[in-house]
Amino acid sequence: MSKKPSKTVPRAASRASSRKLPIAATKRPAAPAEHDTADRIAHALEAIAAHLSAASPKPSAIDTLGSADAFVWHPNGRLAPVPRVSRVDLGLLKGIEQVRDILIENTGRFADGLPANNALLWGARGMGKSSLVKAAHASINVNRKPAERLKLIEIHREDIESLPVLMDLLRASDFHFIVFCDDLSFDGNDASYKSLKAVLEGGIEGRPDNVILYATSNRRHLLARDMIENERSTAINPGEAVEEKVSLSDRFGLWLGFHRCSQDEYLAMVKGYCGHFGIKLDEAELEREALEWSTTRGSRSGRVAWQFTQELAGRLGVRIKS
């Protein structure tokens with residue numbers, strides 16, 4: 001009789017422990033390895049999504065060419081449209097009638113698919129070199145159909161080395177382009193002019209038939225005089241050293257010189273601006289104030305005439321709308 005409890009107690013405990021085991025198993029926390037696997041899967045999916053987004057086709061620079069008539073080139077391959085170009089009406093450019101007619105004729109032939117020359121507009125500051133390029137572009141596009149409109153692309157001086165990339169891009173387009181660089185010049189040991197030389201005429205591919213280059217500069221040979229003299233004094237063969245760099249300007253078929261204007265031409269510019277924008281002042285008083293303004297600036301030019309016109313319009317309360 002005394003042996004029964006010793007037998008039944010272990011059996012009951014065994015049954016109780018067997019019933020509790022499944023309950024304890026359901027409350028056990030997930031293994032760390034399971035969390036790591038889930039995180040790795042999530043990171044992998046995010047990486048795949050980012051890769052697919054980067055690989056998806058994006059609008060090409062060539063696709064934006066129909067959206068505007070003027071663009072600014074960025075060396076990362078982007079052509080930024082310019083909805084409204086800052087320009088002066090062609091009729092307001094006084095004292096440059098001869099070079100104006102030459103450039104417009106050259107630009108018109110190019111827009112019609114006929115042979116035309118690259119143009120270098122050089123000379124005195126403020127005499128309308130860049131204004132003439134923009135005005136000529138606008139005048140050529142008058143009454144042209146959208147598919148026939150001439151495109152103007154400005155490239156900054158510091159981005160000249162990316163010019164071959166731009167040429168490759170424009171070569172595939174059906175439009176015609178003026179690639180325009182304002183205030184082009186080279187100093188010191190700057191070797192980027194070689195990219196321009198290759199594009200103008202020297203490369204294997206050459207300049208695309210649908211592209212022409214217009215540049216403005218205060219220097220006829222695009223180099224400072226002291227830079228040319230330094231080449232002559234330090235080179236073993238001075239003639240060859242200078243020829244290497246001076247030959248750049250020879251690649252432009254048109255050299256259009258802009259010279260300082262006379263007093264009569266300066267006054268004609270002022271009167272033209274005042275008449276165009278409705279600025280009324282006695283003629284004798286207008287001439288006196290315009291000449292006094294040019295004397296304080298130390299020069300006479302189209303830029304000085306425009307600055308005087310803005311001063312006069314502001315003083316008389318006349319709004320100028322370009």
Side-chain angles (χ1 to χ4, degrees), residues 69-70 82 84-108 119-142 150 152 154 157 178 180-185 214-220 252 254-322:
D69 285 342
V82 180
R84 185 178 181 182
V85 177
S86 175
R87 59 164 57 102
V88 177
D89 288 345
L90 191 63
L92 294 178
L93 299 176
K94 306 293 185 180
I96 56 173
E97 288 78 10
Q98 183 178 4
V99 293
R100 177 200 64 193
D101 295 342
I102 293 173
L103 187 69
I104 289 179
E105 181 183 357
N106 188 73
T107 307
L120 173 63
L121 290 71
W122 67 276
R125 302 188 308 272
M127 281 304 296
K129 296 185 291 295
S130 60
S131 296
L132 178 57
V133 172
K134 293 182 285 187
H137 166 253
S139 68
I140 293 300
N141 276 341
V142 174
L150 186 61
L152 179 67
E154 182 177 16
R157 158 67 189 84
I178 298 174
F180 171 53
C181 184
D182 192 21
D183 197 17
L184 180 63
S185 62
Y214 286 177
T216 68
S217 178
N218 296 331
R219 303 167 180 168
R220 182 175 182 178
F252 292 91
L254 281 182
W255 286 12
L256 303 178
F258 289 69
H259 308 286
R260 298 184 183 277
C261 63
S262 66
Q263 178 174 299
D264 291 340
E265 289 172 334
Y266 168 71
L267 291 175
M269 294 173 187
V270 171
K271 293 176 183 178
Y273 283 134
C274 290
H276 182 77
F277 294 110
I279 303 172
K280 300 185 182 302
L281 189 67
D282 178 71
E283 184 174 352
E285 180 66 14
L286 177 64
E287 290 183 359
R288 186 190 65 79
E289 291 194 19
L291 292 176
E292 181 180 351
W293 180 272
S294 68
T295 301
T296 61
R297 296 301 177 273
S299 66
R300 293 189 297 261
S301 69
R303 181 179 295 138
V304 173
W306 172 243
Q307 292 168 346
F308 169 73
T309 303
Q310 289 182 304
E311 164 68 18
L312 184 61
R315 181 151 42 90
L316 297 179
V318 178
R319 296 184 180 276
I320 291 180
K321 295 181 180 180
S322 58

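Numbers for residues simply follow the sequence, beginning at 1. The figures here come from the full heavy-atom set of this structure, side chains too, leaving out hydrogens, waters and symmetry mates.
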Close side-chain approach of His137 to Asp69, heavy-atom, < 4.5 Å: yes
Expected output: side-chain Glu311 to main-chain Thr309 donor-acceptor under 3.5 Å: no
Side chains of Thr107 and Val133 in contact at under 4.5 Å (non-hydrogen atoms): no
Flag side-chain contact, heavy atom, 4.5 Å: Ile104 against Leu90: yes
Gap between atom CD of Gln263 and atom CG of Leu291 - 0.5 Å precision: 4.5 Å
Value rounded to 0.5 Å, distance of OH in Tyr214 from CG in Asn106: 4.0 Å
Heavy-atom closest pair, residues Ala124 and His259: CB-C, 4.0 Å
Spatial distance of atom CG (Leu103) from atom CG (Leu132) [nearest 0.5 Å]: 5.0 Å
Side-chain heavy atoms of Phe180 within contact of Thr216, under 4.5 Å: yes
Exercise: identify the closest heavy-atom pair between Ala136 and Ser139: O-OG, 2.8 Å
Atom pair CE (Met127) and CZ (Arg125), whose distance is rounded to the nearest 0.5 Å: 12.0 Å
Side chains of Leu286 and Phe308 in contact at under 4.5 Å (non-hydrogen atoms): yes
Ile96 side chain reached by Phe258 side chain, heavy atoms, under 4.5 Å: yes
Residues, nucleotides or ligands: over 12 heavy atoms within 6.0 Å of Glu285 CD: yes
Any side-chain heavy-atom pair of Arg100 and Leu93 under 4.5 Å: no
Check: Lys129 side chain, Ser217 main-chain N or O, donor-acceptor pair, under 3.5 Å: no
Backbone N/O of Ala290 and side chain of Tyr266: donor-acceptor pair under 3.5 Å: yes
Ion pair check, Lys271 and Glu283, cut-off under 4.0 Å: yes
Distance, nearest 0.5 Å, that separates CG of Leu312 from CH2 of Trp293: 9.5 Å
Least distance between heavy atoms, Ala313 atom then Ile320 atom: CB-CD1, 3.6 Å
Aromatic plane relationship, Trp306 with Phe277 - under 30° parallel, 30 to 60° tilted, over 60° perpendicular: tilted
Heavy-atom side-chain proximity of Val99 to Leu121 below 4.5 angstrom: no
Under 3.5 Å: donor-acceptor pair, side chain of Asp89, backbone of Gly91: no
Distance, nearest 0.5 Å, that separates CG of Asp264 from CD of Glu287: 8.5 Å
